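Here's the structure we're looking at; comments come further down.
Each chain gets a letter, A, B and so on, in the order its sequence line appears, and its residues count up from 1. Only heavy atoms go into these numbers, but all of them, side chains included; no hydrogens, no water, no symmetry mates. What you see is a predicted model, and the numbers here were worked out from it, not measured in a lab.
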Amino acid sequence: MYGNDFSAEDAPGGGLLGEVEAAEAALREAAARGRRGGAPGPDEDLEAYFTEVVDADQKIEPRDWMPEAYRKTLIRQIAQHAHSEIIGMQPEGNWISRAPSLKRKAILLAKVQDEAGHGLYLYAAAETLGISRDELVELLLNGRQKYSSIFNYPTLTWADVGAIGWLVDGAAIVNQVPLCRCSYGPYARAMIRVCKEESFHQRQGYEILHTLAHGTGEQKAMAQDALDRWWYPSLAMFGPPDTDSTHSAQSMAWKIKRFSNDELRQRFVDMCVQQAEILGLTIPDPELRWNESRQAYDFTQPDYDELMRVIKGQGPCNRQRMEHRRRAHADGAWVREAAAAYAAKRVEQKEKVAA
Amino acid sequence: MIGPFDFALALGDDALVAAQRLAEWTTRAPEMEEDIALANIALDQLGAARLLLSYAGELEGAGRDEDALAFLRDDREFRNCLLVELPNGDFAVTMAKLLFLAAYQLPLYTALAGCADERLAAIGAKARKESAYHLDHASTWVRRLGDGTEESHRRMQAAVDQVWPYVHELFAPDPAAPVDPATLRADFDARVAAVLDEATLTRPESGWAPAGGRDGVHTEHLSFLLAEMQVLHRAHPGARW
């Protein structure tokens with residue numbers, strides 16, 4: 001356990017963490033009340049049963065029948081989430097060796113390690129849907145599955161580590177908190193655990209920026225520069241506007257998704273404005289202002305053409321991130337082969353002893 | 001002959017430089033599980049380094065804290081052994097380095113846990129449990145690689161041959177130190193021999209015993225490692241992070 005050694009007053013994320021805890025309580029409550037009449041009989045309509053479980057806000061489990069498209073959608077979404085955790089280690093990992101104090105080095109190293117843990121946990125959740133981790137890794141390496149485009153931007157200064165924590169992890173939490181109530185049990189449970197850890201990461205990032213913004217003139221400029229570069233890519237993390245989003249309607253019906261891209265983006269903006277004020281930093285949007293009638297902030301949309309370009313592979317770091325991942329995988333091949341050969345020899349020896 | 005300050009500093013520098021090297025593996029390990037394991041070990045080393053350097057700063061009494069010692073000394077002032085500053089090489093080299101380091105740190109921290117200095121004893125008591133895990137982890141991999149495929153055997157043997165000369169420096173006698181390193185050699189040799197045997201590896205016969213780290217005379221590698229580690233801290237003198 002680390003990272004509780006700063007004041008909790010200014011720290012963001014409290015409200016979201018409360019929502020995670022509420023989702024966890026709801027999950028327990030749904031499990032306790034059991035599902036309608038237990039498992040369906042052999043003559044029952046499986047599809048009707050599936051719909052009934054989803055409509056009753058209960059969980060679909062790996063053993064249950066599910067529509068093939070539901071399974072595919074979940075595999076794609078969970079795998080892309082797992083890939084994002086693994087690729088997302090790179091931009092922050094870029095600063096471990098240069099972290100400006102030993103305490104910050106320890107916190108950052110532990111954070112990047114957490115991301116690896118989330119990746120493994122999510123791959124395991126995807127495996128409950130009948131696909132192996134090796135297959136999913138292959139889909140990442142050959143470019144057939146994507147990861148979050150935000151990680152195709154470079155971390156140029158130490159303040160970027162803070163900005164990623166505050167904004168990128170913040171946006172991820174806003175995205176993921178509703179997934180704690182997702183209809184697929186293993187994913188919902190994974191999200192509860194991941195969101196709890198992400199909220200610590202977000203606080204740590206915010207705290208890095210807070211220290212910089214209250215430090216020397218150069219440090220404050222570094223923090224503002226990071227906010228200037230990461231603000232719009234963070235808004236783009238919620239995906240294209242609702243009018244252009246292809247997967248949303250069906251996912252909403254299946255209760256995989258519960259809020260639209262634009263609803264989540266608005267929630268994120270509303271959350272950040274006050275936090276930026278406390279930091280003493282300026283969100284780089286001259287149109288940002290409170291709208292009394294909507295009870296929300298008006299803001300400038302991110303450049304969705306840029307988002308599409310980055311998704312298609314033309315971001316600043318797409319090639320670098322993939323090349324790095326492929327090289328690590330290729331360089332490690334002889335080690336994995338050795339481990340497999342060693343394990344096989346042990347099995348052989350045991351069999352000889354047994355015979 | 002070195003006093004408690006130099007002793008704490010040397011051990012702290014060992015742990016810090018080892019942490020810096022191990023952390024270089026993050027996002028590059030051969031398996032995702034190993035990425036997590038290496039980060040874990042790096043975090044243990046970093047934790048021990050912070051305790052040891054903080055204590056060294058107190059013993060010195062010149063107002064230097066862990067960060068002043070880590071970020072504001074040049075390589076000639078570092079007291080770590082050469083073993084930890086060697087580049088990571090391939091995974092086999094890293095595991096050879098870790099095996100030898102852990103097989104040295106485990107008896108060292110264990111002896112420290114019983115020494116008269118209460119602070120060092122407390123640090124030793126905490127760190128020895130971690131070293132036991134590091135030793136177990138490295139031993140497992142050395143056995144797997146040594147007795148795995150033809151390629152892994154060749155690489156693991158080459159790694160042992162390459163790194164072995166640097167272990168001698170660890171045990172240079174220092175009867176006045178809180179723990180005399182020379183007294184740890186037998187324990188180290190026994191543990192390492194057992195692992196290498198099981199791994200079908202041989203211990204090289206070599207008279208070459210490079211040293212100098214404890215006197216601040218390092219390999220060419222350390223200056224680069226420190227340049228990277230210290231660059232940001234030094235660019236903003238007096239700043240808080």
Side-chain angles (χ1 to χ4, degrees), chain A residues 2 85-106 108-110 112-117 119-120 123 133 137 157-158 208 211-212 214-216 218-219 222 321 324-325 327-329 331-346, chain B residues 16 19-20 22-40 42-43 46-47 49-50 53-54 65-67 69-71 90-92 95 140-141 143-153 155-156 225 228-241:
Chain A
Y2 65 90
E85 299 282 357
I86 297 300
I87 298 291
M89 295 166 70
Q90 289 181 40
E92 289 178 284
N94 183 38
W95 281 91
I96 292 172
S97 68
R98 293 173 291 170
S101 73
L102 297 186
K103 179 182 155 190
R104 291 290 179 208
K105 190 190 288 289
L108 181 58
L109 186 50
V112 175
Q113 185 192 34
D114 279 350
E115 314 284 356
L120 288 182
Y123 282 127
R133 184 173 108 190
V137 167
T157 73
W158 171 251
I208 286 175
T211 305
L212 293 175
H214 294 80
T216 67
E218 279 179 317
Q219 284 177 308
M222 196 192 284
R321 302 287 183 242
H324 183 109
R325 192 67 237 136
R327 190 183 316 127
H329 191 74
D331 287 353
W334 70 271
V335 177
R336 297 190 298 274
E337 282 160 21
Y342 179 84
K345 283 185 197 177
R346 298 286 88 72
Chain B
L16 177 59
Q20 184 76 1
L22 287 164
E24 288 175 16
W25 274 102
T26 300
T27 74
R28 292 179 175 83
E31 296 180 334
M32 291 175 209
E33 286 82 355
E34 190 58 20
D35 221 296
I36 293 174
L38 291 173
N40 239 343
L43 277 167
L46 186 52
R50 293 180 65 190
L53 293 180
S54 296
D65 63 7
E66 59 178 36
D67 287 336
L69 287 169
F71 294 100
D90 67 5
F91 188 67
M95 284 302 121
T140 300
W141 272 114
R143 281 194 293 263
R144 281 179 185 155
L145 298 179
D147 194 17
T149 63
E150 213 171 291
E151 180 184 8
S152 70
H153 178 84
R155 285 180 185 253
M156 195 64 238
L225 179 146
E228 183 174 337
M229 186 177 90
Q230 298 174 339
V231 59
L232 177 59
H233 185 96
R234 289 196 180 205
H236 300 267
R240 283 184 54 252
W241 299 98

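- For the atom pair R50(B) CZ and L102(A) CG, the distance stands at 6.5 Å (nearest 0.5 Å).
- Scanning all heavy atoms of the two residues, the minimum distance from A338(A) to L145(B) falls at CB-CD2, 3.8 Å.
- Salt-bridge annotation for D147(B) and R346(A): present, with a side-chain N of the basic residue lying under 4.0 Å from a carboxylate O of the acidic one.
- What you find for A116(A) and I36(B) is that their closest heavy atoms are CB-CG1, 3.6 Å.
- Annotation for H233(B) and P100(A): closest pair ND1-O, 2.8 Å, computed over non-hydrogen atoms.
- Most heavy-atom pairs under 4.5 Å with chain B: of the set Q219(A), R325(A), R327(A), this distinction falls to Q219(A).
- When heavy atoms are compared at a cutoff of 4.5 Å, V112(A) approaches chain B solely by way of its side chain, counted from C-beta outward.
- Donor-acceptor pairing under 3.5 Å is recorded for the side chains of S97(A) and E228(B).
- Interatomic distance, K105(A) NZ to M229(B) CE, rounded to the nearest 0.5 Å: 6.0 Å.
- For A29(B), the part lying near chain A is the backbone, with the side chain staying farther off; criterion is any non-hydrogen pair under 4.5 Å.
- A heavy-atom distance below 4.5 Å is found between the side chains of M89(A) and D35(B).
- Residues V335(A) and E31(B) fail the side-chain proximity criterion, which asks for heavy atoms closer than 4.5 Å.
- Atoms CG and CG, on L109(A) and L38(B) in that order, are 10.5 Å from each other to the nearest 0.5 Å.
- For R133(A), the part sitting under 4.5 Å from any heavy atom of chain B is the side chain, from C-beta outward, and nothing else.
- Between the side chains of H324(A) and T27(B), at least one donor-acceptor pair of N or O atoms lies under 3.5 Å.
- Heavy-atom pairs under 4.5 Å with chain B peak, among A328(A), A340(A), G93(A), G215(A), at A328(A).
- The minimum heavy-atom distance linking W241(B) with R104(A) is given by the pair O-NE, 2.6 Å.
- With a 4.5 Å cut-off on side-chain heavy atoms, H236(B) and M222(A) count as touching.
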